[in-house]
Every structure is written in C-alpha cells, then in structure tokens.
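Accompanying notes for the structure given below.
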Amino acid sequence: VRSCAIALVKWKDTIPEEKVLDYENEVRSYVADCCKNEEERKVVLAGENEPLTKAQLQKACSVKYRVKNPNYVPGSEVVVRSLNNDRR
C-alpha cells in the first residue's frame with residue numbers, strides 16, 4: 001500500500017494508466033478498511049471516478065511497513081549456538 005501511494009504521489013504522470021488504476025484501487029481498499037463506519041467505506045470504494053485526495057494518499061504513505069519478527073535470532077547468537085551445539 002505504501003509503495004503504491006508513494007508511486008502515485010511522485011510518478012503518477014509517467015506510470016501506465018492500467019498501473020495507476022491498480023495502485024489507486026489498492027490505496028482505496030486500504031483507506032476503506034480504515035474507515036470507522038460503513039457509509040464512509042462505501043463512499044471511498046464508490047469514488048473510482050474521483051481522484052484520491054491528498055489526505056488519503058498521505059494516510060497510505062504513512063503506513064508502518066516494518067513489523068517485528070518474534071522469531072528473529074541475531075546472527076551472533078546463531079554462531080554461538082552452533083558452536084555450543086545448542087539447537088533452540
């Protein structure tokens with residue numbers, strides 16, 4: 001979602017029309033999922049003929065895309081475990 005929104009903001013004029021429509025649909029879907037009531041959601045999804053607002057694009061651009069991996073093990077710990085034959 002984030003990369004689609006950034007592409008629309010920066011390069012919408014140079015992206016092929018088909019790709020622009022795909023990106024806009026992706027952003028609309030995200031913005032609609034963020035809506036609190038059903039009416040807002042329907043308005044966002046039905047607005048295919050209207051351009052996305054700056055606020056909608058900004059919301060999609062600010063998506064947190066980094067997620068912590070609870071199973072992450074630092075490389076140094078993997079080396080120590082392998083030297084100690086510990087298979088945790």
Side-chain angles (χ1 to χ4, degrees):
V1 171
R2 184 175 186 268
S3 60
C4 291
I6 290 171
L8 288 171
V9 169
K10 292 185 175 185
W11 304 291
K12 184 176 181 177
D13 297 334
T14 60
I15 299 173
E17 186 64 30
E18 184 178 304
K19 221 32 155 175
V20 169
L21 293 175
D22 288 344
Y23 289 171
E24 285 180 344
N25 287 335
E26 186 77 27
V27 171
R28 279 183 210 288
S29 173
Y30 170 76
V31 172
D33 287 343
C34 293
C35 291
K36 294 191 181 352
N37 64 37
E38 195 62 31
E39 286 182 34
E40 284 181 54
R41 181 181 168 91
K42 287 180 183 177
V43 169
V44 170
L45 290 175
E48 291 180 4
N49 297 330
E50 298 176 21
L52 291 164
T53 65
K54 283 187 177 184
Q56 290 171 330
L57 287 170
Q58 185 61 42
K59 186 173 193 170
C61 285
S62 64
V63 170
K64 290 186 179 181
Y65 63 95
R66 293 184 182 214
V67 178
K68 286 192 174 191
N69 181 355
N71 300 322
Y72 174 75
V73 179
S76 57
E77 191 174 320
V78 171
V79 171
V80 171
R81 284 182 185 176
S82 69
L83 293 174
N84 292 332
N85 292 325
D86 187 7
R87 299 264 181 208
R88 280 194 267 170

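Positions are given from 1 along the sequence.
A search for salt bridge (Lys or Arg N to Asp or Glu O under 4.0 Å) contacts involving K12 returns E24, not counting sequence neighbours. Remark: N71 pairs with N69 by the side-chain contact (heavy atoms from CB on, under 4.5 Å) rule, at least two apart or across chains. Listed by chain and residue number, R41 satisfy the salt bridge (Lys or Arg N to Asp or Glu O under 4.0 Å) test with D33 (two or more places apart in sequence, or in another chain). Listed by chain and number, the residues in a side-chain contact (heavy atoms from CB on, under 4.5 Å) with P70 amount to none (sequence neighbours excluded).
With a 4.5 Å cut-off between side-chain heavy atoms of Ile, Leu, Val, Met, Phe, Trp and Tyr, the cluster of V73 takes in V78.
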Quick one: side chains of residues 51-61, donor-acceptor pairs under 3.5 Å with protein atoms, not counting sequence neighbours, listed by atom name and distance.
residue: T53; atom: OG1; partner: Q56; partner atom: N; Å: 3.1
residue: T53; atom: OG1; partner: Q56; partner atom: OE1; Å: 3.4
residue: Q56; atom: OE1; partner: T53; partner atom: N; Å: 2.9

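Closest heavy-atom contact between I15 and Y23: CD1-CE1, 4.0 Å.
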